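Notes for the one structure printed next.
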Protein chains: 2
Amino acid sequence: MADRNAANLMGRGESLLFLTDDQLRRGIEAMFFAYRGFTADPDRILQEYGYGRAHHRAIHFINRSPGTTVNNLLSILGVTKQSLNRVLRTLVEDGLVDSRVGTRDKRERHLHLTEKGAALERALSEAQRNRMRDAFRAAGPEAVAGFRAVLEQMMDPDMKRHYLDGGDGPR
Amino acid sequence: MADRNAANLMGRGESLLFLTDDQLRRGIEAMFFAYRGFTADPDRILQEYGYGRAHHRAIHFINRSPGTTVNNLLSILGVTKQSLNRVLRTLVEDGLVDSRVGTRDKRERHLHLTEKGAALERALSEAQRNRMRDAFRAAGPEAVAGFRAVLEQMMDPDMKRHYLDGGDGPR
DNA sequence: TTGGAAAGTCAACAAGGCTGACATAAACTG
DNA sequence: CAGTTTATGTCAGCCTTGTTGACTTTCCAA
């Protein structure tokens, strides 16, 4: 076990990083297992409503950016419009999402959560926040900073842009 | 924006943690976007072979624990045995995985990668390790420690056990 | 020795990805 | 104004990967 791996230089200037394949494998599995935990609570709630993760993602980003357009959502979610449309259609039919024709550009549809949609969003995000909060507290503030730094580096540049855009100002 | 959230106490003893809903939302989106980056490279390779993520997961954990049984794999992957079986069947048919009837217990199948399977595993994990390595280096060693600490806290206890089991001894 | 539990397989269904083709309306451009 | 591009929606069909139910083989314990 524990195969050594040469060719490891360069920290962010502060130190050299010797990363064995085994250490990297641990990181890979950490992502896998943690992501499962991360989605477990919302998944349980969604199941009660007969929705899936795709619905959760749509609801999340509509809530984050009320009035967003279908096209914008597409670029964030990285799925096809047919795929997104199916999800969006059921959410509109079920009265969780309101789709309003644009005023400036009437081709666009601006998406908002209804009160019912906002209620589900709160239930979902509360569950997810609770787990995130517990993890953050248990790990401590420095760990949280490291967590964010590594995840940010792991994103594709395009997605990183969406991530950074979502914040309240810089940082 | 930036809604305050009371009821935030307790670091790991070192400090108080005030976590707003907005900070937690940022963490949630970090997980979402980073996981996409994390799977992007293997997904591209898998597509060339006509496989999906489910195949990758099976290959990964068979490689990690050669000779593992179907049942053990099931408890790690958290899917139904029927679902896993379909993936496993194609991998065996395609000559990537070898399924040997157990000697002690003939009900069990012990799973190994063939040379062909090991080759695909190397291609997949190399791509994933490269991204992880780059992210780790860019973020620095302290960030890596924090990353691991938070992810470990985010896992369900059962999955955490599998995660810890996978290491070379404790830690 | 026999009945239940456990491991694995086969069949059928559903969610949610995907591609391709096409329709409509609005906006833009020469 | 004619023609093109853009934004969105829809239909049809395919694939992966999850699900449940029914079944076989093997093991073990009463």
Side-chain angles (χ1 to χ4, degrees), chain A residues 32 35-36 39-40 42-60 62 67-94 97-112, chain B residues 32 35-36 39-40 42-62 67-94 96-111 124:
Chain A
F32 172 70
Y35 198 78
R36 285 259 298 278
T39 55
D43 282 355
R44 270 188 288 272
I45 296 172
L46 289 159
Q47 203 176 350
E48 298 170 20
Y49 291 75
Y51 294 133
R53 254 179 233 179
H55 301 84
H56 185 184
R57 292 194 282 266
I59 288 172
H60 173 95
I62 293 172
T68 187
T69 64
V70 173
N71 239 357
N72 183 45
L73 219 46
L74 281 176
S75 77
I76 291 177
L77 298 177
V79 297
T80 59
K81 63 174 179 175
Q82 295 90 330
S83 214
L84 175 58
N85 188 260
R86 187 183 359 192
V87 168
L88 239 31
R89 197 189 324 161
T90 72
L91 290 176
V92 170
E93 283 171 0
D94 295 354
V97 168
D98 187 23
S99 172
R100 308 175 196 163
V101 172
T103 49
R104 254 187 30 210
D105 186 334
K106 292 179 188 165
R107 292 172 305 179
E108 294 179 340
R109 302 298 136 91
H110 297 282
L111 305 169
H112 299 262
Chain B
F32 172 70
Y35 198 78
R36 285 258 297 276
T39 55
D43 281 355
R44 269 188 289 272
I45 296 172
L46 289 160
Q47 203 176 350
E48 297 170 20
Y49 291 74
Y51 294 133
R53 255 179 232 180
H55 300 86
H56 185 186
R57 293 195 281 266
I59 288 173
H60 174 94
F61 286 104
I62 293 172
T68 187
T69 64
V70 173
N71 234 2
N72 183 45
L73 220 46
L74 281 177
S75 77
I76 291 177
L77 297 177
V79 297
T80 58
K81 60 180 177 174
Q82 295 89 331
S83 203
L84 175 58
N85 187 260
R86 183 178 340 116
V87 167
L88 242 29
R89 196 190 324 155
T90 74
L91 290 176
V92 170
E93 283 170 1
D94 295 354
L96 302 186
V97 167
D98 187 24
S99 172
R100 308 175 195 162
V101 172
T103 49
R104 254 186 29 210
D105 187 334
K106 291 179 188 164
R107 292 172 303 178
E108 294 179 341
R109 302 298 134 93
H110 297 280
L111 305 168
L124 293 169

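Keep in mind it's a predicted model, so treat the numbers as computed, not measured. Just so it is clear: chains get the letters A, B, ... in the order the sequence lines come, proteins before strands, and each one is counted from 1.
- At most 12 non-hydrogen atoms from other residues, nucleotides or ligands lie less than 6.0 angstrom from CD of Gln47(B).
- Comparing dA7(D), dG8(C), dT26(D) by their closest approach to the side chain of Lys106(B) singles out dT26(D).
- Of the listed nucleotides (dA7(D), dT26(D), dT17(D)), dA7(D) has the atom at the smallest distance from the side chain of Glu108(A).
- Classified by interplanar angle (parallel below 30°, tilted 30° to 60°, perpendicular above 60°), the ring pair Tyr51(B)/Tyr49(B) is parallel.
- Phe61(B) is listed as a side-chain neighbour of Leu77(B), based on a closest heavy-atom distance under 4.5 Å.
- Annotation: side chain to side chain contact (heavy atoms under 4.5 Å, CB included) contacts of Arg104(A) (sequence neighbours excluded): none.
- Phosphate contact (OP1/OP2 of dG18(D), side-chain N/O of Arg57(B), threshold under 4.0 Å): present.
- For Asp105(B), the side chain to side chain contact (heavy atoms under 4.5 Å, CB included) partners two or more places apart in sequence, or in a different chain, are Arg107(B), Glu108(B).
- When every heavy atom of Ser99(A) is checked against every heavy atom of Arg109(A), the shortest pair comes out as OG-CB, 3.5 Å.
- Residue His110(A) is out of contact with every strand shown, counting any heavy-atom pair closer than 4.0 Å.
- At a threshold of 4.0 angstrom between heavy atoms, the contacts of Gly78(B) with the nucleic acid are absent.
- Taking the side-chain hydrogen bond (donor to acceptor under 3.5 Å, both in side chains) definition, one finds that Ser83(B) meets it with nothing, sequence neighbours left out.
- For the salt bridge (charged side-chain N to carboxylate O under 4.0 Å, His left out) condition, the pairs that include at least one residue of residues 46-59 of chain A, sequence neighbours left out, are Asp43(A)-Arg53(A).
- Atom P of nucleotide dT16(D) and atom CG of Leu88(B) are separated by 16 Å, given to the nearest angstrom.
- Of the residues in residues 79-87 of chain A, those with a non-hydrogen atom less than 4.0 angstrom from any atom of DNA chain D are Lys81(A), Gln82(A), Asn85(A).
- Side-chain atoms of His110(B) and Thr69(B), non-hydrogen and from C-beta on, do get closer than 4.5 Å to each other.
- Among the atoms of the strands shown, only primed sugar atoms or phosphate atoms (P, OP1, OP2) are found under 4.0 Å from some heavy atom of Gly50(B).
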Taking only N/O atoms, report every protein-nucleotides 1-5 of chain D pair under 3.5 Å with atom names and distance.
none

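- In terms of phosphate contacts, Arg104(A) brings no side-chain nitrogen or oxygen within less than 4.0 Å of OP1 or OP2 of dA27(C).
- One can place NE2 of His56(A) at 17 Å from C1' of dA15(C), the figure rounded to the nearest angstrom.
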